Colleague: 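Here it is, the structure, as structure tokens.
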Amino acid sequence: MHDGDEPTDDIDFTTTSQQPQLERATFVMLVRNSELHDARSSIRYVEDRFNKNFHYPWLFLNDKPFSPEFIHMTRSLVSGNATYGRIPKDAWSMPDWVDRQKARECMRAMATKNILYGGSESYRHMCRFFSGFLWRHELLVDYDYYWRVEPNTQLYCDLTYDPFTFMRENNKTYGFVINLLEFPSTIESLWPTVQNFSREHPEYIHPNNALDFIVDDNKNITEGGYNNCHFWSNFEIASLKFWRSQAYRDFFDFLDRTGNFYYERWGDAPVHSIAASIMLDKEEIHWFYDIGYRHHPFTHCPEPKQEFHDSGRCYCNPTQNFDRDPYACTTQYRRMRGDLGVPGRVPGIPEQPVLNRIDRGKGSGLRTKLKMSTDGLELMPGDEGAAQLQKIEDGEGK
């Protein structure tokens with residue numbers, strides 16, 4: 001996935017300045033050496049908007065060694081500790097039970113159909129890693145919460161409180177900023193697999209779950225179909241205790257044994273979202289509406305003018321707020337929450353869909369625009385199927 005220079009062991013740089021009382025929490029970034037400046041940009045946003053006042057640590061992960069330059073130039077920006085770690089090989093490779101030839105044929109078929117990252121093996125490694133291995137990493141053992149940060153993302157609002165403390169004090173387990181629809185062609189058998197899991201383990205299904213977010217028509221798990229709604233996991237603040245629980249471990253193992261992280265292209269976002277929606281009390285899921293955030297091509301911008309804009313707290317453009325786009329799952333989330341905690345429409349802000357403003361010229365479209373910085377591990381959608389097929393022919397797994 002990444003282009004390391006010289007091998008480096010896990011390194012911990014510790015500051016000696018006095019820090020406020022912190023939760024057992026850290027920022028986590030999966031990043032390549034080649035994404036150094038995108039990483040630095042994200043770090044600066046997080047530090048300026050929040051962490052300069054709290055000094056939480058940062059954990060940088062890579063399946064290749066971090067270069068001395070990467071370490072030096074990221075360490076210079078963080079206000080807390082910085083740790084640099086390697087992803088174990090078994091967490092970034094196909095498991096033994098996956099038929100590699102079958103997986104390559106499936107990738108070939110998806111690439112031919114120009115499915116987003118359909119031909120990328122390394123993208124699949126990443127999705128499986130976040131789904132089932134991030135929380136097992138030895139450098140996260142001492143933490144209870146993490147905030148996932150992607151390279152080349154922006155924060156637009158000052159965050160004057162500690163979201164980790166908020167999570168703990170309010171018994172929140174999973175926090176998100178953006179929700180949207182998944183591409184159905186990437187997860188064709190995911191929901192039937194979840195249904196089978198729920199039949200085998202009814203004890204793991206929470207009675208006050210958030211099923212109404214992911215299943216329409218007030219149906220139960222076994223009767224209803226997945227509506228493809230998920231929390232966009234490139235931003236998530238979550239409890240590691242949940243992922244480490246026996247319920248989630250059994251859930252991930254059940255999914256993993258199908259091989260469909262590779263035969264299809266199951267993403268960590270729908271996996272996390274479905275697990276949270278069926279296993280947690282809906283009150284444990286929190287929308288951080290007050291955090292202005294952008295990950296290309298979507299922006300979440302809090303709309304209430306007086307609270308967020310007249311006050312100077314945020315500097316994003318409310319008319320670019322993705323929450324009101326038809327491709328967002330705001331309606332489904334509001335339905336699940338009973339309209340709790342979701343601001344109403346703000347006068348003067350048009351309902352023009354964000355996606356309608358995205359260039360849909362030749363060779364582009366939504367899939368091309370969804371260029372996620374840590375997701376384009378092998379190629380970008382603009383390369384279309386031919387480039388994906390060539391990589392498969394050449395046997396390039398990473």
Side-chain angles (χ1 to χ4, degrees), residues 17-23 25-27 29 37-58 74 76-80 145 147-170 172 175-180 231-232 234-237 286-325 328 330 333-334 337 339-354 357 373:
S17 59
Q18 185 176 2
Q19 296 183 359
Q21 184 65 38
L22 302 181
E23 304 294 331
T26 184
F27 297 104
M29 182 184 291
H37 295 289
D38 285 342
R40 281 169 56 84
S41 175
S42 295
I43 293 168
R44 174 58 73 189
Y45 273 103
V46 172
E47 290 289 338
D48 286 352
R49 301 277 73 78
F50 166 69
N51 204 42
K52 65 182 180 183
N53 296 320
F54 291 89
H55 316 302
Y56 273 101
W58 288 78
T74 52
S76 65
L77 292 178
V78 304
S79 62
Y145 299 94
W147 176 337
R148 179 174 165 184
V149 179
E150 295 281 287
N152 195 29
T153 54
Q154 296 83 43
L155 292 183
Y156 293 131
C157 302
D158 290 332
L159 193 61
T160 57
Y161 67 94
D162 186 334
F164 299 119
T165 298
F166 171 86
M167 296 278 284
R168 177 180 57 80
E169 291 183 344
N170 293 277
K172 302 297 183 182
F176 72 98
V177 168
I178 291 175
N179 53 41
L180 72 168
F231 306 117
W232 215 19
N234 48 69
F235 176 107
E236 60 184 9
I237 300 176
H286 181 69
W287 184 6
F288 281 101
Y289 184 86
D290 57 335
I291 297 180
Y293 173 75
R294 178 172 175 79
H295 187 317
H296 181 80
F298 303 134
T299 298
H300 166 72
C301 182
E303 294 181 9
K305 186 172 182 290
Q306 182 175 357
E307 179 180 359
F308 293 103
H309 302 281
D310 290 349
S311 65
R313 180 178 174 184
C314 300
Y315 64 95
C316 50
N317 184 347
T319 66
Q320 296 178 353
N321 187 18
F322 177 69
D323 302 346
R324 300 188 178 280
D325 190 273
T330 309
Y333 186 78
R334 291 182 62 167
R337 293 290 300 163
D339 283 335
L340 297 177
V342 182
R345 185 176 185 277
V346 179
I349 296 181
E351 295 282 355
Q352 180 183 10
V354 173
R357 300 198 296 272
S373 57

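None of the values given here were measured: they were computed from a predicted structure.
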Colleague: Are Phe235 and His300 an aromatic pair by the rule of ring centers under 6.0 Å?
Modeller: no
Colleague: Determine yes or no for a side-chain-to-main-chain donor-acceptor pair under 3.5 angstrom, with Arg334 supplying the side chain and Arg337 the backbone.
Modeller: no
Colleague: What distance separates Arg148 CZ from Phe176 CZ, expressed to the nearest 0.5 Å?
Modeller: 15.5 Å
Colleague: For the residue pair Pro304 and Tyr289, establish whether any side-chain heavy-atom pair is separated by less than 4.5 Å.
Modeller: yes
Colleague: Hey, does Tyr156 have a side-chain heavy atom less than 4.5 Å from the side chain of Thr299?
Modeller: yes
Colleague: State, yes or no, whether a side-chain contact exists between Glu150 and Ser42 at a heavy-atom distance under 4.5 Å.
Modeller: no
Colleague: Return the minimal non-hydrogen interatomic distance between Phe322 and Asn179, and the atom names on each side.
Modeller: CE2-O, 3.6 Å
Colleague: Check the SG atoms of Cys314 against those of Cys301: under 2.5 Å or not?
Modeller: no
Colleague: Give me the atom names and distance for the closest heavy-atom approach of Glu47 to Val78.
Modeller: OE2-CA, 3.6 Å
Colleague: According to the interplanar angle, ranging from 0 to 90°, do the rings of His286 and Phe166 count as parallel (below 30°), tilted (30 to 60°) or perpendicular (above 60°)?
Modeller: tilted
Colleague: From Lys52 NZ over to Arg44 CZ, what is the distance, rounded to the nearest 0.5 angstrom?
Modeller: 9.5 Å
Colleague: In terms of relative ring orientation, are Phe27 and Tyr56 parallel, tilted or perpendicular, with 30° and 60° separating the classes?
Modeller: perpendicular
Colleague: Atom CG of Leu22 and atom CZ of Phe54: how far apart are they, to the nearest 0.5 Å?
Modeller: 9.0 Å
Colleague: Which heavy atom of Trp232 sits nearest a heavy atom of His296, and at what distance?
Modeller: CH2-O, 3.9 Å
Colleague: Any non-hydrogen side-chain atom of Arg40 less than 4.5 Å from a side-chain atom of Ser76?
Modeller: yes
Colleague: Roughly how far, to the nearest 0.5 Å, is CG of Leu159 from CG of Asp48?
Modeller: 13.0 Å
Colleague: Go through Trp287 and Thr330 one step at a time and tell me if the side chain to side chain contact (heavy atoms under 4.5 Å, CB included) criterion holds.
Modeller: CA-CA 10 Å; Trp287 184 6; Thr330 309; 4.1 Å; yes
Colleague: Between CG of Asp158 and CD1 of Ile291, what distance do you get to the nearest 0.5 Å?
Modeller: 11.5 Å
Colleague: Check for me whether the distance between the ring centres of Phe50 and Trp147 falls short of 6.0 Å.
Modeller: yes
Colleague: Given 3.5 Å as the limit, does a donor-acceptor pair link the side chain of Asn170 with the main chain of Lys172, or not?
Modeller: no
Colleague: Taking the side chain as everything from C-beta on, heavy atoms only, tell me whether Leu77 gets closer than 4.5 Å to Trp58.
Modeller: no
Colleague: Taking all atoms of both residues into account, what is the closest heavy-atom pair of Ala39 and Pro151, and its distance?
Modeller: N-CB, 3.9 Å
Colleague: Is any side-chain heavy atom of His309 closer than 4.5 Å to a side-chain heavy atom of Cys316?
Modeller: yes
Colleague: Given Asn234 and Tyr293, is the side chain to side chain donor-acceptor pair (under 3.5 Å) satisfied, shown in steps?
Modeller: CA-CA 11 Å; Asn234 48 69; Tyr293 173 75; 2.7 Å; yes
Colleague: Is the side chain of Ser311 donor-acceptor paired with the backbone N or O of Glu307 at a distance under 3.5 Å, no angle test?
Modeller: yes
Colleague: Could you tell me which non-hydrogen atom of Gly175 sits nearest to which non-hydrogen atom of Met167, and how far apart they are?
Modeller: N-CE, 4.0 Å
Colleague: If I take atom OH from residue Tyr145 and atom CG from residue Asp162, how far apart are they, to the nearest 0.5 angstrom?
Modeller: 10.5 Å
Colleague: Hey, does Asp290 have a side-chain heavy atom less than 4.5 Å from the side chain of Arg313?
Modeller: yes
